[in-house]
Amino acid sequence: MVSIRFTDGSSRECNEGATFLEILKGHDKGILKKTVAVKVNGALYGLKEPLCASSAPVYVEPVPLETKEGLELCRHSAAHVMAQAVKSLYGGVKLAIGPAIEDGFYYDFDTDRPFTPEDLEKIEAKMKEIIKVDYPFTGESLSKDAALGLFKGMGEGYKEEIISELKGDSVSIYKQGDFIDLCRGPHLPSTGWIKAFKLLSSAGAYWRGSEKNRMLQRIYGTAFASKAALDEHIARMEEAKKRDHRKLGRELDLFTTSEDIGAGLVLWHPHGATVRRIIEDFWKAEHVNAMYDIVYTPHIAVVDLWKKSGHWDFYRENLFSPMDVEGQDYIVKPMNCPFHIQIYKSRLRSYRDLPVRYAELGTVYRYERSGVLHGLLRVRGFTQDDAHIFMTPDQLEGEIKGVLNFTLYILKAFGFNEFDIYLSTRPEKYVGSLDNWAKAEAALKAALESTGLPFSIDPGEGVFYGPKIDIKIKDVIGRSWQCSTIQVDFNLPERFDVTYRDEAGKESRPIMIHRALMGSLERFFGCLVEHYAGAFPTWLAPVQAVILTVTERNDAYAAEVYKTLKGRGIRAELDVRNEKLGFKIREGQLRKIPYQLVIGDKEMSEGKVAPRRRGGETLPAQTVEEFIEAVEAECVAGAAR
RNA sequence: GCCGGCGUAGCUCAGGGGUAGAGCAACUGAUUCGUAAUCAGUAGGUCGAGGGUUCAAUUCCCCCCGCCGGCUCCA
């Protein structure tokens with residue numbers, strides 16, 4: 001007998017060998033119905049697995065379907081069902097891997113013929129049949145040799161490869177119907193437990209993600225606890241689609257790319273450029289405030305500079321080819337750092353000068369392979385909000401703290417209040433002394449701790465030249481965007497022999513940090529567009545107010561109002577087109593302009609305007625002055641958040 | 001770069017071996033109107049670029065360019 005304690009406080013005695021399904025009997029039916037697995041002393045087990053002998057009490061926690069672990073298990077089972085369907089429909093298909101992933105699952109198949117959308121429908125239909133038959137998932141343990149023999153006999157070469165790389169002597173396999181797969185498990189009790197799933201897309205994917213390997217065909221799908229939850233997820237995907245910055249970029253006339261210009265190169269249209277200008281002005285003012293010196297540097301430089309920096313060796317495949325200038329090779333810059341270093345080195349520096357903070361909105365060009373380009377998020381020419389800080393070693397922690405707080409302040413100003421923060425530590429290949437690494441990591445950690453924000457540590461994920469902090473921002477609908485990065489660099493100061501004179505008059509090596517808060521203006525802007533779904537807050541909106549006339553009689557007065565607004569720095573437009581008011585309202589609404597100022601005979605006679613907010617709310621008629629003051633107040637509040 | 005899909009009017013898209021259509025936008029006219037689409041008319045296309053097959057290609061084939069979804073969240 002094994003003594004079992006449940007998380008609800010109850011306990012009972014069970015025979016060893018009893019399945020968890022049996023053990024849970026007697027539990028509340030409501031709970032039981034939702035339970036898809038159990039956690040036994042913290043480890044996940046399927047409901048049909050037997051209880052092992054134990055002298056100590058065993059803690060059993062039911063895992064409901066709608067939890068993260070429950071869904072993961074369900075999705076993994078769905079991946080198996082999909083594989084079963086594919087194998088029964090298409091001969092000669094070999095299985096690779098089929099894990100549950102965030103928001104769904106996939107399975108990679110080796111097949112000569114890629115899957116079409118029609119195939120997906122067929123597979124989905126087959127899966128429904130399999131689910132209806134309700135095949136039980138049964139797991140068993142095999143010796144490695146036996147498993148190798150089994151999968152070899154089935155012609156499943158990828159499974160053989162996986163088995164031979166697994167540690168331990170035995171592996172587990174799972175079956176449902178005539179389908180057998182190598183699998184760690186656990187699974188749902190049977191296929192019928194899959195309540196709501198959908199296949200989403202197919203795509204090529206290299207075996208183990210390496211281009212050197214054969215390309216497989218991957219099918220993505222997802223599964224949820226209920227049809228309602230699945231529908232909700234699909235609605236979320238549609239919402240994300242609506243917010244797509246590439247779609248909104250065109251609709252709101254913010255930016256375009258053109259094949260006549262070249263892939264990955266962005267044209268900022270007047271409205272997008274206005275938003276960018278406001279971001280840049282804000283950025284500059286805040287940097288001056290935060291004691292940075294703003295600098296400008298060229299777009300091209302002699303290639304030797306990049307040989308010296310190491311970029312030419314480490315980064316070659318991302319650099320554009322050199323151009324010949326009077327017999328000397330130049331390249332467009334992929335980074336700003338060597339230029340800032342040159343400015344630093346233009347004269348002798350004293351410890352009294354430090355820290356030196358150079359900031360630049362520096363436009364850089366990097367060659368990205370055509371397949372990875374993506375809207376504004378992955379481009380070939382972009383502007384970094386870059387800065388390099390040179391400091392003495394004992395200034396490091398204070399500077400990092402300063403940068404970190406500054407970063408959060410700037411990000412919050414743009415409406416981002418949730419962050420995922422990561423500290424990446426020393427990788428296997430690194431430059432610099434262990435001592436310096438330890439100090440720098442400690443300084444980054446201390447700075448992070450001082451913010452009181454949670455962060456996680458990515459061991460070994462630092463860049464070869466130093467540890468770093470990455471900040472991902474979360475947008476309104478919960479998606480993460482990598483923007484900010486703060487990196488310590490032990491490499492470049494050495495390579496460029498950057499020095500300062502310390503208190504003793506001796507030549508010393510400063511520490512350098514690179515940092516970008518928004519990352520690149522292109523990416524950050526794309527992120528902003530999606531965050532706000534194109535409806536920028538008033539302080540950022542390219543057009544803040546559009547003046548709408550009711551009839552021609554109002555034109556002259558409207559023009560006066562327009563002039564007043566422009567004179568006061570409000571970004572206004574005048575719409576005196578011969579259209580009905582409803583038409584103009586609709587258009588202004590679709591353009592997501594924060595305010596529409598209606599002017600008819602009534603407003604004209606009273607010397608007022610009738611504002612209407614973007615959401616549809618009509619404000620009481622007011623004087624132009626009142627409106628201007630309200631907008632000004634709103635903008636100050638917006639930028640200073 | 002690789003796999004798959006796509007590229008037709010400014011935009012969204014239909015069509016298909018016999019030199020092309022819709023809606024919206026644009027333009028012209030009428031209308032002077034109060035909070036999400038007034039009516040009528042006109043114009044607009046080397047069907048992404050180049051090559052091939054054919055009596056004939058936008059349609060079929062090849063190649064190039066661009067765009068979209070992917071390319072380890074490891075049994």
Side-chain angles (χ1 to χ4, degrees), chain A residues 72 75-76 79-80 95-108 111 113-117 119 147 151 156 158-168 171-174 181-185 200-220 241 244 246-247 250-251 253 256-265 317 367-375 548-555 576-591 596-603 610-619 621:
Chain A
E72 216 176 285
R75 287 166 183 163
H76 188 195
H80 276 228
L95 302 174
I97 57 167
I101 55 174
E102 191 180 339
D103 285 339
F105 61 86
Y106 67 80
Y107 213 114
D108 284 345
T111 167
R113 199 176 66 89
F115 297 107
T116 63
D119 289 331
F151 286 104
E156 297 287 3
Y158 296 99
K159 297 294 176 189
E160 283 181 70
E161 191 177 325
I162 294 163
I163 294 167
S164 56
E165 285 172 17
L166 285 172
K167 295 190 185 96
V171 299
S172 59
I173 60 166
Y174 275 77
D181 199 357
L182 175 70
C183 184
R184 179 168 48 192
L200 299 171
S201 60
S202 63
Y206 297 103
W207 168 236
R208 303 203 149 161
S210 168
E211 291 168 33
K212 294 184 187 111
N213 294 334
R214 184 166 160 78
M215 179 157 284
L216 309 173
Q217 295 303 321
R218 174 172 299 180
I219 301 179
Y220 283 97
K241 223 174 174 179
D244 193 314
R246 294 165 299 187
K247 180 174 177 291
R250 171 166 289 291
E251 284 172 5
D253 201 14
T256 49
T257 56
S258 157
E259 64 179 294
D260 296 334
I261 304 290
L265 302 170
E317 73 259 25
Y367 169 71
E368 299 280 1
R369 297 192 301 172
S370 56
V372 304
L373 298 174
H374 182 94
L548 312 179
T549 49
V550 178
T551 86
E552 265 171 15
R553 288 191 301 280
N554 314 126
D555 287 4
V576 291
R577 288 175 304 168
N578 179 10
E579 296 289 352
K580 289 172 117 172
L581 184 61
F583 179 88
K584 296 186 187 182
I585 296 262
R586 176 181 149 83
E587 205 174 271
Q589 190 73 37
L590 292 175
R591 290 177 63 202
Q596 307 187 63
L597 302 180
V598 175
I599 291 182
D601 293 343
K602 191 156 157 277
E603 287 73 24
R612 177 192 205 271
R613 271 196 221 272
R614 180 161 50 196
E617 182 192 0
T618 308
L619 302 177

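A, B, ... follow the sequence lines: proteins, then strands. Residue 1 opens every chain.
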Exercise. How far does the P atom of B/A57 sit from the matching atom of B/A49, given to the nearest Å?
Worked result: 15 Å

Exercise. Which part of the nucleic acid, if any, lies within reach of A/A203 when heavy atoms closer than 4.0 Å are counted: base, sugar-phosphate only, or nothing?
Worked result: base

Exercise. Base, sugar-phosphate alone, or nothing: which one does A/L581 contact when heavy atoms must sit under 4.0 Å apart?
Worked result: base

For this session: Please check the phosphate of B/G69 (OP1 and OP2 only) for any side-chain N or O of A/S201 closer than 4.0 Å.
Result: no

For this session: Give one of base, sugar-phosphate or nothing for A/I163, where a contact means two heavy atoms less than 4.0 Å apart.
Result: nothing

Exercise. Quantified in whole Å, what is the C1' atom distance between nucleotide B/G4 and nucleotide B/A43?
Worked result: 40 Å

Exercise. Considering Watson-Crick and G-U wobble pairs with both distances under 3.5 Å, what does B/C24 pair with?
Worked result: B/G10

Exercise. Side chain of A/E603, base of B/G34: donor and acceptor closer than 3.5 Å?
Worked result: yes

Problem set entry | Side-chain ion pair, A/E211 and A/R369, N-O less than 4.0 Å | yes

Problem set entry | Residues A/E587, A/R591: salt bridge by 4.0 Å N-O rule | no

Exercise. Which part of the nucleic acid, if any, lies within contact of A/G582, taking any heavy atom under 4.0 Å across all strands shown: a base, the sugar-phosphate backbone alone, or nothing?
Worked result: sugar-phosphate

For this session: Using the C1' atom as the reference point in each nucleotide, state the distance between B/A25 and B/C11 in Å, no decimals.
Result: 7 Å

For this session: Report yes if at least one side-chain N or O of A/R218 is closer than 4.0 Å to OP1 or OP2 of B/C71; otherwise report no.
Result: yes

Exercise. When rounded to the nearest 0.5 angstrom, what is the spacing between CZ in A/R208 and OH in A/Y158?
Worked result: 10.5 Å

Exercise. Base, sugar-phosphate, or nothing: which does A/D108 touch, judged by heavy atoms less than 4.0 Å apart?
Worked result: nothing

Problem set entry | Distance in angstrom units between A/E587 CD and B/C11 P, rounded | 17 Å

For this session: Determine which nucleotide pairs with B/C74, using a 3.5 Å limit on both distances of a Watson-Crick or G-U wobble pair.
Result: none

Exercise. Should B/G17 form a Watson-Crick or G-U wobble pair with both distances under 3.5 Å, which nucleotide is its partner?
Worked result: none

Problem set entry | A/R577 vs B/A25: side-chain N/O to OP1/OP2 distance below 4.0 Å | no

Exercise. Under 4.0 Å between a side-chain N/O of A/R612 and OP1 or OP2 of B/A36, yes or no?
Worked result: yes

Exercise. Expressed in whole Å, how much space separates the P atoms belonging to B/C6 and B/G15?
Worked result: 12 Å

For this session: State the pairing partner of B/U58; accept Watson-Crick or G-U wobble contacts with both distances under 3.5 Å, and report none otherwise.
Result: none

Exercise. OP1 or OP2 of B/U32 sitting under 4.0 Å from any side-chain N/O of A/R553?
Worked result: no

For this session: Would you classify A/K602 as touching base, sugar-phosphate or nothing, given that sugar-phosphate means primed atoms plus P, OP1 and OP2, and contacts are heavy atoms under 4.0 Å?
Result: base

Seminar exercise, completed: Re B/G69: Watson-Crick or G-U wobble partner, both distances kept under 3.5 Å, found to be B/C3

For this session: Answer yes or no: does a side-chain N or O of A/H374 lie under 4.0 Å from OP1 or OP2 of B/G70?
Result: no

Problem set entry | Atom P, compared across B/G1 and B/C60: separation rounded to whole Å | 24 Å

Exercise. For A/E161, which contact category applies under a 4.0 Å heavy-atom criterion: base, sugar-phosphate, or nothing?
Worked result: nothing

For this session: If B/U46 has a Watson-Crick or G-U wobble mate with both distances under 3.5 Å, name it; if not, just say none.
Result: none

For this session: Return yes if the base of B/G1 and the side-chain atoms of A/Y367 contain a donor-acceptor N/O pair under 3.5 Å, otherwise no.
Result: no

Problem set entry | Inter-nucleotide P distance (B/G21, B/G45), Å rounded | 13 Å

Exercise. With a non-hydrogen cut-off below 4.0 angstrom, is A/Y206 in contact with a base, only sugar-phosphate, or nothing?
Worked result: base

Exercise. Between B/A36, B/G1, B/U32, which nucleotide gets closest to the side-chain atoms of A/I585?
Worked result: B/A36

Problem set entry | Identity of whatever pairs with B/C63 - Watson-Crick or G-U, under 3.5 angstrom | none

Exercise. Roughly how many Å is it from OH in A/Y106 to P in B/C74, rounded to a whole number?
Worked result: 8 Å

Seminar exercise, completed: Separation of B/C33 atom P from A/L548 atom CG, nearest Å, is 16 Å

Exercise. C1' atom, B/G48 versus B/G7: distance in rounded Å?
Worked result: 6 Å

Exercise. So what does A/Q217 hit on the nucleic acid, given a heavy-atom distance under 4.0 Å: a base, only sugar-phosphate, or nothing?
Worked result: sugar-phosphate

Exercise. Taking atom P in both B/G34 and B/C39, what distance in whole Å separates the two?
Worked result: 16 Å

For this session: Answer with base, sugar-phosphate or nothing: what part of the nucleic acid does A/Y220 contact at a heavy-atom distance below 4.0 Å?
Result: sugar-phosphate

